[in-house]
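Structure record follows, encoded as structure tokens.
Chain naming here is simple, since letters A, B, ... match the order of the sequence lines and numbering starts at 1 in each. A quick note: this is a predicted structure, and the numbers were derived from the prediction, not measured.
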Protein chains: 2
Amino acid sequence: MNYEDGKDKFIQSWGTLGSSWGISRTMAQIHALLLLSPEALSADEVMENLQISRGNANMNLRALIDWQLVYKEHKQGERREFFVAEKDMAKVVKSIIIQRKKRELEPMLRILDDLTGVEGQDQEAEEMRKVVKDLKLFSHKADSALDALVKADSNWFFSTFLSMIR
Amino acid sequence: MNYEDGKDKFIQSWGTLGSSWGISRTMAQIHALLLLSPEALSADEVMENLQISRGNANMNLRALIDWQLVYKEHKQGERREFFVAEKDMAKVVKSIIIQRKKRELEPMLRILDDLTGVEGQDQEAEEMRKVVKDLKLFSHKADSALDALVKADSNWFFSTFLSMIR
DNA sequence: CTTAACTTTCAGGAAATATTGAAACCTACA
DNA sequence: TGTAGGTTTCAATATTTCCTGAAAGTTAAG
């Protein structure tokens, strides 16, 4: 496969995957583009490359910066800003875990905590307390495990994963 | 909190969370409803409870069955079908992991494999090979780890998680 | 202070997803 | 075998989510 085709395929695929990852298509595409680029790119270069509007580019770049997947970079004697992707995959994976945990797991923990004290003696209330209790157990475990993963350094991260697959 | 309020809150919240989990709102609500119900429910009861159409109920029930989160149940002397949720949370979590892995991780692995052999000697092609290589390393590790999690029995599952949070 | 290069915001339009409801389809039983 | 009770399908529609582009906001340099 030649470089141009590979680049397109990577950007397109990353975009499609992004959707199923709860990330917008464009945000994922910008991320892919920057990952592939050895140099920092300006907003205009991103717009040009992906054929998207200025507003779209700006919003998604900000989101990526918020996720810590992209950094702003200032170049000597240049007024405008340039953007680079975080290239250390261990850091990339960490950032993604942090964000998804925040959006997916933590809201659940809050809700389950609220639901702990449901009243009632009948079978339905009983069933609900049981379901909530089980879910809390799992979610708290997952929460702790992910926290540990994120706090640990990359070596630990790797060795834990390795030990899991034995 | 009384039972009715708790039930509504659980169903609503599960629905909202479902969205950020890449599951449709209704599918998640049906799942929540069945999780709370001590008895199997008919399609009509589901429609009634959640105020949704027959088509919607049917499609999402089938999807839940496909995910192995819900089973059909036949009652003595009843023509119509009833639906029960899988209540064992270890199994529920496993099913969800399997489905998300299938939708999120596996497509990525396929694409990365395709992109392994990009040609070119310049810096850009170099950068791309590097990115793809790193991503493959991580994805395959994650894939194996999740496979192990899913295949293992619940005790192993728990003890691994526990060992990770120490 | 003024200007011009650049960035951010946001209302309205476009695209993608989910839902409805009615018709077609099954199937157990009289 | 006809039919009533039940299920599934799918085109039309509603809803949610995303993107555009122009206007407003910033800020560095003259």
Side-chain angles (χ1 to χ4, degrees), chain A residues 11-34 40-67 70-84 99 103-104, chain B residues 11-34 40-67 70-84 99 103-104:
Chain A
I11 291 175
Q12 288 312 318
S13 309
W14 206 251
T16 307
L17 277 179
S19 319
S20 77
W21 277 60
I23 289 169
S24 95
R25 160 180 256 65
T26 308
M27 180 167 158
Q29 287 183 343
I30 295 177
H31 184 218
L33 175 65
L34 292 177
L41 298 182
S42 66
D44 287 85
E45 286 170 315
V46 171
M47 289 165 57
E48 168 75 15
N49 257 283
L50 303 177
Q51 295 292 309
I52 58 176
S53 71
R54 182 170 300 286
N56 197 5
N58 183 273
M59 301 237 278
N60 284 295
L61 279 168
R62 276 194 303 121
L64 284 166
I65 289 168
D66 192 52
W67 279 52
V70 165
Y71 307 112
K72 282 185 180 178
E73 198 174 276
H74 288 282
K75 285 196 182 174
Q76 266 301 359
E78 274 281 8
R79 180 77 177 281
R80 66 220 158 116
E81 295 172 318
F82 289 79
F83 303 90
V84 226
Q99 294 297 330
R103 291 194 307 166
E104 300 176 10
Chain B
I11 291 174
Q12 287 312 317
S13 309
W14 206 250
T16 307
L17 277 178
S19 317
S20 77
W21 277 60
I23 288 168
S24 97
R25 159 180 257 65
T26 307
M27 181 169 158
Q29 286 182 344
I30 295 176
H31 184 218
L33 175 64
L34 291 178
L41 299 181
S42 67
D44 288 85
E45 286 169 312
V46 171
M47 290 164 56
E48 168 75 15
N49 257 283
L50 302 178
Q51 296 292 308
I52 58 176
S53 71
R54 182 170 301 284
N56 199 5
N58 183 273
M59 301 236 276
N60 283 296
L61 278 168
R62 276 193 304 119
L64 284 166
I65 289 169
D66 191 52
W67 279 52
V70 164
Y71 306 112
K72 282 187 180 177
E73 198 174 278
H74 287 281
K75 285 197 182 173
Q76 266 300 4
E78 274 281 10
R79 182 79 175 279
R80 65 217 161 119
E81 296 173 316
F82 289 79
F83 303 90
V84 228
Q99 293 298 330
R103 292 195 307 165
E104 300 175 12

State, with a plain yes or no, whether a side-chain heavy atom of A:Phe82 is found less than 4.5 Å away from one of A:Glu45. yes
Any side-chain heavy-atom pair of B:Asn56 and B:Leu50 under 4.5 Å: no
Restricting to side chain to side chain donor-acceptor pair (under 3.5 Å), what partner residues turn up for B:Glu73, sequence neighbours left out?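 Here no residue qualifies.
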Taking side chain to side chain donor-acceptor pair (under 3.5 Å) as the definition, give me every residue that meets it alongside A:Ser53, ordered by chain and number, with sequence neighbours left out.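 Partners of A:Ser53 under the side chain to side chain donor-acceptor pair (under 3.5 Å) test: none.
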Report yes if a side-chain nitrogen or oxygen of A:Thr26 is closer than 4.0 Å to either non-bridging phosphate oxygen (OP1 or OP2) of D:dC18; otherwise report no. no
Whether B:Arg62 contacts D:dT9 is assessed here as follows: a side-chain N or O lying under 4.0 Å from the phosphate OP1 or OP2. Is that the case?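 Yes, within the criterion.
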Taking A:Ser20 for the side chain and A:Thr16 for the main chain, is one N or O donor matched with an acceptor at less than 3.5 Å?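 Pair absent, no side-chain N/O of A:Ser20 close to backbone of A:Thr16.
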Side-chain donor or acceptor of A:Asn58 paired with backbone N/O of A:Arg54 under 3.5 Å: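 Checking the backbone N and O of A:Arg54 against the side chain of A:Asn58, no donor-acceptor pair under 3.5 Å is found.
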Without decimals, in angstroms, what is the distance between [X] [atom1] and [N] [atom2]?
| X | N | atom1 | atom2 | result |
| --- | --- | --- | --- | --- |
| A:Ile52 | D:dT20 | CD1 | C1' | 11 Å |
| A:Leu61 | C:dT9 | CG | C1' | 15 Å |
| B:Leu64 | D:dT7 | CG | C1' | 17 Å |
| B:Glu81 | C:dC26 | CD | P | 15 Å |
| A:Lys75 | C:dC6 | NZ | P | 13 Å |
| A:Glu73 | C:dC6 | CD | C1' | 17 Å |
| B:Asn60 | C:dA18 | CG | P | 9 Å |
| B:Ile23 | C:dA18 | CD1 | P | 11 Å |

What does A:Arg54 touch in the nucleic acid at a heavy-atom separation under 4.0 angstrom: a base, only the sugar-phosphate, or nothing?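 Base contact - A:Arg54 has a heavy atom under 4.0 Å of at least one base atom.
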Report which part of the nucleic acid A:Ser19 touches: base, sugar-phosphate, or nothing (heavy-atom distance under 4.0 Å, all strands).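 Counting heavy atoms under 4.0 Å across all strands, no contact is made by A:Ser19.
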Nearest 0.5 Å please: distance from the CG atom of A:Leu61 over to the CG atom of A:Leu64.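 Taking CG in A:Leu61 and CG in A:Leu64, the distance rounds to 6.5 Å.
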Find the distance between CZ (B:Arg80) and NZ (B:Lys72) and round it off to the nearest 0.5 Å.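 So the gap between those two atoms works out to 14.5 Å.
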Sort and list the pairs that fulfil salt bridge (Lys or Arg N to Asp or Glu O under 4.0 Å) and have at least one residue in residues 12-29 of chain A, not counting sequence neighbours.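 Those involving residues 12-29 of chain A do not exist here.
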Please report the end-to-end axis angle for the helix from C:dC1-D:dG30 to C:dA30-D:dT1, five pairs per end, rounded to 10 degrees.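 Nearest ten degrees gives 10° for this helix.
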Minimum-distance nucleotide to B:Ser24 side chain [options: C:dT19, D:dC19, D:dT9]: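 Closest nucleotide to the B:Ser24 side chain: C:dT19.
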Do any N or O atoms of the protein come closer than 3.5 Å to N or O atoms of nucleotides 28-30 of chain D, and which pairs are they?
| from | atom 1 | to | atom 2 | distance (Å) |
| --- | --- | --- | --- | --- |
| D:dA28 | O4' | A:Arg79 | NE | 3.3 |

Nearest-nucleotide wise, let me know which of A:Asn56 and B:Ser53 is further upstream toward the 5' end of DNA chain C. A:Asn56
Counterpart residues, salt bridge (charged side-chain N to carboxylate O under 4.0 Å, His left out), relative to A:Arg79 (two or more places apart):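 Listed in chain order: nothing, the list is empty.
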Between B:Met59 and B:Glu78, which residue's closest nucleotide on DNA chain D lies nearer the 5′ terminus? B:Glu78
